[in-house]
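First comes the structure, then the notes that go with it.
FYI, side chains are in, hydrogens and waters are out, and symmetry mates aren't considered; it's all heavy atoms of this structure. Along the sequence shown, residues are numbered consecutively beginning with 1.
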Amino acid sequence: MRNLKIIIAPFILLSSAIVILNSCKDQQIESNIQETYLNTRILKVETAMDDIVLPIGTKIETISDSQIDIELPSNYQFLLFDDKNGASFSRFGSYSCTCSAKNSCKVFYNPKVGYGCLQNSCSDSCIGKPSGDDATKTAYGIINNDSGSLLGEKFIAAGNLTHKGYEIFIEHVAKDELNEFFDFAFSAIQYNNAEELITIKGRESVTQVLLQYKGIYISAMVPNFDNEKESQLIDFQSGPYVSCAGSNGCSCTKDKTCILGNCVYYCDGCTTCTMTVEKKL
C-alpha cells in the first residue's frame, strides 16, 4: 500500500499542474478575445468623425493611440480626392491624429461627440485626417451606392460630405448626371438655363426641386411646372426656395455651385444638415 501511495501522489500533482496550466491558457485566450473586442467596434448608431458622419454598421479597429482603421458597410464608400488622380472611392479608410509640433496626439471616442483628436502630449495643435485605403487620398465624405441614378423621389439612406466634398462631388462625380437633367428640364422651352430664364421672365418663372445622387441631397432650379404638375412622372418635392436646418443647435448654411448657368444648391456647415424646399413664399 505504501508503494501505491507513492505512485498516486505524483499523479495527483501532475493532474493539478495540467488543470492549472489549462486554466491559465483559458484565461489568456479570454483576455485576448476581450482585448480584440475592445480594439474593434461595430457602430450601432450614426457617429461623427470630425465633419464626416459614419453610418451604422461601420467597423472601427484601433491600430494605435493615434490611428483607427475604418471599414464601411457594403453599400457605402468614402469620397476620396487628390490633385493628381482626381476623385475615387473606397469602403476602407483610416483616421489619424498628428501633432503640428512635437510629441503626439491621440484619437478619442465619446458616445456623444464621436471620434476626434485629443491633445495628449502634443506641444501645439492636433490635426485629424480622414483618409482612404491610400493614405495620400483625403476623404471628403461618404456616398451611398444603393442607387447610381439621379433621384427625384424614393430617396435612399443619406450620405454626407464636407464643404469641399460638395464641390468635388458636383464637379467630378455628379456633373454628367446633372447636365443630362438640366438638358431635359429645359428642352421644352427656348431658354438654355435658369439664369437666362430668370433674367427674362423673372424669379416666379422657376422653382426648386429636391434631388439626390448617391445618397447626397442637392437642389436644382428648373422652369416652374405648377400647371403641369399632375402629369409629371416624378413627384418632385418642389417650391420657390430652399432652407437648411442643422442638428443640436448648429446652424447650417446654404451654398451653391453653378454649371453653365444652372445652379445646384446644398446645405453644409454642420455634421448633419437637412435640406427642405419651401412650398410657400
Side-chain angles (χ1 to χ4, degrees), residues 49-53 55 72 75-93 129-152 155-187 191-199 206-223 236 241-244 252-275 277:
M49 184 179 70
D50 285 348
D51 296 332
I52 296 175
V53 179
L72 297 176
N75 54 315
Y76 289 95
Q77 288 182 313
F78 286 109
L79 170 61
L80 311 173
F81 186 82
D82 68 86
D83 293 329
K84 182 179 179 180
N85 300 304
S88 59
F89 306 94
S90 176
R91 281 182 57 215
F92 302 92
K129 182 184 178 183
S131 305
D133 48 1
D134 181 346
T136 64
K137 296 182 178 181
T138 301
Y140 291 97
I142 295 173
I143 56 98
N144 185 346
N145 273 325
D146 270 349
S147 173
S149 302
L150 187 67
L151 303 177
F155 299 131
I156 61 175
N160 59 97
L161 300 171
T162 65
H163 178 76
K164 187 174 181 180
Y166 274 103
E167 296 174 357
I168 294 168
F169 182 79
I170 293 169
E171 176 63 28
H172 297 275
V173 181
K175 187 174 182 178
D176 290 344
E177 291 282 337
L178 288 169
N179 280 334
E180 287 183 15
F181 171 79
F182 285 124
D183 287 345
F184 177 78
F186 286 88
S187 61
Y191 306 105
N192 296 318
N193 54 60
E195 294 297 313
E196 183 180 342
L197 181 57
I198 293 171
T199 300
V206 297
T207 190
Q208 296 273 358
V209 292
L210 188 63
L211 304 171
Q212 191 195 59
Y213 185 55
K214 292 184 179 292
I216 303 302
Y217 285 99
I218 49 182
S219 176
M221 198 175 288
V222 299
F236 289 104
Y241 295 101
V242 168
S243 65
C244 301
C252 288
T253 58
K254 181 175 69 176
D255 292 300
K256 70 176 182 179
T257 296
C258 296
I259 306 171
L260 300 176
N262 289 308
C263 295
V264 178
Y265 297 81
Y266 53 91
C267 298
D268 66 354
C270 297
T271 304
T272 303
C273 291
T274 302
M275 172 179 279
V277 287

Inset, instruction - Using only the SG atoms, establish whether C273 and C252 come within less than 2.5 Å of one another. - result: yes
Inset, instruction - Measure the spacing between CD of Q77 and CZ of R91 and express it to the nearest 0.5 Å. - result: 8.5 Å
Inset, instruction - Just jot down the side chain to side chain donor-acceptor pair (under 3.5 Å) partners of S88, sequence neighbours excluded, or say none. - result: K137
Legend entry - OH-CD1 distance between Y265 and I218, expressed to the nearest 0.5 angstrom: 12.5 Å
Inset, instruction - List the atom of F186, the atom of N193, and the distance in Å for their closest heavy-atom pair. - result: CE2-C, 3.4 Å
Legend entry - Residues in ring pair (Phe, Tyr, Trp, His ring centres under 6.0 Å) contact with Y166, at least two apart in sequence or another chain: Y266
Legend entry - Sub-4.5 Å side-chain heavy-atom contact between L210 and F155: yes
Inset, instruction - Would you mind reporting whether I216 and I143 have side-chain heavy atoms less than 4.5 Å apart? - result: yes
Legend entry - Those residues that, when tested against N144, pass side chain to side chain donor-acceptor pair (under 3.5 Å) (two or more places apart): N75
List, one per line, each side-chain donor-acceptor pair under 3.5 Å for residues 254-264, sequence neighbours excluded.
| residue | atom | partner | partner atom | Å |
| --- | --- | --- | --- | --- |
| K254 | NZ | V242 | O | 3.4 |
| N262 | OD1 | A194 | N | 3.2 |

Legend entry - I156 side, atom CD1; Q212 side, atom CD - distance, nearest 0.5 Å: 5.0 Å
Inset, instruction - Measure the CD-OG1 distance between E167 and T162 for me, rounded to the nearest 0.5 Å. - result: 8.5 Å
Would you list the atom pairs, donor with acceptor, under 3.5 Å between side chains in residues 168-181 and any protein atom, with sequence neighbours excluded?
| residue | atom | partner | partner atom | Å |
| --- | --- | --- | --- | --- |
| E171 | OE2 | K175 | NZ | 3.3 |
| N179 | ND2 | K175 | O | 3.4 |

Legend entry - Residues forming a side chain to side chain contact (heavy atoms under 4.5 Å, CB included) with F92, sequence neighbours excluded: E71, S90, D133
Inset, instruction - Determine whether D268 and T253 make a side-chain contact, defined as any pair of heavy atoms from C-beta on separated by less than 4.5 Å. - result: yes
Inset, instruction - Taking atom types as modelled, find out whether T271 and D51 have a side-chain donor-acceptor pair closer than 3.5 angstrom. - result: no
Inset, instruction - Would you give the length of the straight line joining atom OH of Y213 to atom OG of S149, rounded to the nearest 0.5 angstrom? - result: 7.5 Å
Legend entry - Close side-chain approach of I52 and N160, heavy atoms under 4.5 Å: yes
Legend entry - Contacts of type side chain to side chain donor-acceptor pair (under 3.5 Å), residue S243, not counting sequence neighbours: E278
Inset, instruction - May I ask you to test the D82-T138 pair for a side-chain heavy-atom distance under 4.5 Å? - result: no
Legend entry - With sequence neighbours excluded, residues passing ring pair (Phe, Tyr, Trp, His ring centres under 6.0 Å) with H163: none
Legend entry - Closest approach of A87 to L79 (non-hydrogen atoms, all atoms of both residues): CB-CD1, 4.3 Å
Legend entry - Residues that D183 engages under side chain to side chain donor-acceptor pair (under 3.5 Å), provided they are two or more places apart: none
Legend entry - Distance, nearest 0.5 Å, that separates CG of D50 from NZ of K129: 13.0 Å
Inset, instruction - Please list, chain by chain and in numerical order, all residues satisfying side chain to side chain contact (heavy atoms under 4.5 Å, CB included) with N192, sequence neighbours excluded. - result: E196
Inset, instruction - Tell me, please, which residues at least two apart from Y76 pass ring pair (Phe, Tyr, Trp, His ring centres under 6.0 Å). - result: none
Legend entry - Residue pair S131 / A135: nearest heavy atoms and the distance that separates them: OG-O, 3.6 Å
